[in-house]
Amino acid sequence: MNYRLAFIALCLALFSFESSAHGVDDNTQRFLSDLDGAAIIPLFYIGAKHMVTGYDHLLFLVGVIFFLFRPKDILIYVTFFTIGHSLTLLFGVLAKVQLNAYIIDAIIGFSIVYKGFDNLGGFKTWFGIQPNTKIAVLIFGLFHGFGLATKLQEFNLPENGLVTNLLAFNIGVEFGQFFALAFILIAISYWRHFDSFNKWSKITNTLLISCGFMLTGYQLTGYFVNAV
């Protein structure tokens, strides 16, 4: 199997969806806009669906776990990411922190660039340093959480049941992340049994960088176009 072609096809499929990585369908928009009171199950579902279809989050996670072989290491890194985006999701909405959605999504796109570059050993080769990868994952997790918070704030969720709904949404996000990550881990673990993993690992991470740059460029373009 040509994994390079498969990965390219995946990127093309991802970008065939709505270009905004935090797009929400019309039915969900109407539901959130009309929401009054706690709705645990619907918010759990929306959170899970958002993570499973949130290709910016998934591409970043692919980069994070790509060269992790031990379950302990995978758990540690995913925990750092989870702590980061959970904190800023809850804080961003409850404290009504208003951030520009285009800038936040551009930073999220850049997080994919960063992880692909890190996986290729770019920091050691180009700059002679190696940033703390756990801290980097935590920091980018904070920005991913602000991305979720920024989108939720657009719907002006009612104060009635807000904390309950946020917790349900966040738990849904974690469930969706676990579900998607399980499939990613199975695919990567299976691929590692073939010589093509080492052969195409550089190309795969280069493609991650390319996808990250495309996402970043799209969001920055949207920022400057809408700022005019």
Identify the heavy atoms of M51 and V173 that sit nearest to each other, and give their distance. CE-CG1, 3.4 Å
Enumerate donor-acceptor pairs with a distance under 3.5 Å from any side-chain N or O in residues 90-97 to protein atoms, sequence neighbours excluded.
from : atom 1 : to   : atom 2 : distance (Å)
K96  : NZ     : E159 : OE2    : 2.9

For K134, what residues pass the side-chain contact (heavy atoms from CB on, under 4.5 Å) criterion, not counting sequence neighbours? I76, Y77, F80, N132
Heavy-atom side-chain proximity of S111 to F143 below 4.5 angstrom: no
Linked hydrophobic residues, I171 as query - side chain contacts closer than 4.5 Å: F44, F175
List for me each residue that meets ring-ring contact (aromatic ring centres under 6.0 Å, His included) alongside F146, sequence neighbours excluded, and say none if there are none. none
Going by the rule side-chain contact (heavy atoms from CB on, under 4.5 Å), which residues pair with T206 if we only count those two or more places apart in sequence or in a different chain? L120
Which residue pairs satisfy the salt bridge (Lys or Arg N to Asp or Glu O under 4.0 Å) criterion with at least one member in residues 216-226, sequence neighbours excluded? none
Who passes side-chain hydrogen bond (donor to acceptor under 3.5 Å, both in side chains) against Y102, sequence neighbours left out? N226
Partners meeting side-chain hydrogen bond (donor to acceptor under 3.5 Å, both in side chains) with N119 (sequence neighbours left out): K115, N205
What orientation do F117 and W126 show, parallel under 30°, tilted 30 to 60°, or perpendicular over 60°? perpendicular
Show your working on side-chain contact (heavy atoms from CB on, under 4.5 Å) between V78 and V64 and close with a plain yes or no. CA-CA 8 Å; V78 172; V64 168; 5.5 Å; no
From CA spacing to verdict: side-chain contact (heavy atoms from CB on, under 4.5 Å), H144, L148: CA-CA 7 Å; H144 280 250; L148 294 168; 6.0 Å; no
Between V113 and I209, which heavy-atom pair has the shortest distance, and what is it? CG2-O, 3.6 Å
A quick test of your reading: do over 12 heavy atoms of other residues, nucleotides or ligands sit less than 6.0 Å from CD1 of I40? no
Partners passing side-chain contact (heavy atoms from CB on, under 4.5 Å) against A101 (at least two apart in sequence or in another chain): T150, E154
Counting only heavy atoms not in Y45 (residues, nucleotides, ligands), do more than 12 fall under 6.0 Å from its OH? no
For G84 and T88 the tightest heavy-atom approach is O-OG1, 3.1 Å
Apart from V52 itself, which Ile, Leu, Val, Met, Phe, Trp or Tyr residues share its cluster (side-chain heavy atoms under 4.5 Å, direct or through members)? F179, F183
D73: partners by side-chain hydrogen bond (donor to acceptor under 3.5 Å, both in side chains), with sequence neighbours left out: R70
Student check: side-chain heavy atoms of Y55 and C211 closer than 4.5 Å: no
May I ask you to test the I188-F197 pair for a side-chain heavy-atom distance under 4.5 Å? yes
Which residues pass the side-chain contact (heavy atoms from CB on, under 4.5 Å) test with T216, sequence neighbours left out? A106, F110, L220
F81-H85 aromatic ring centre distance below 6.0 Å: yes
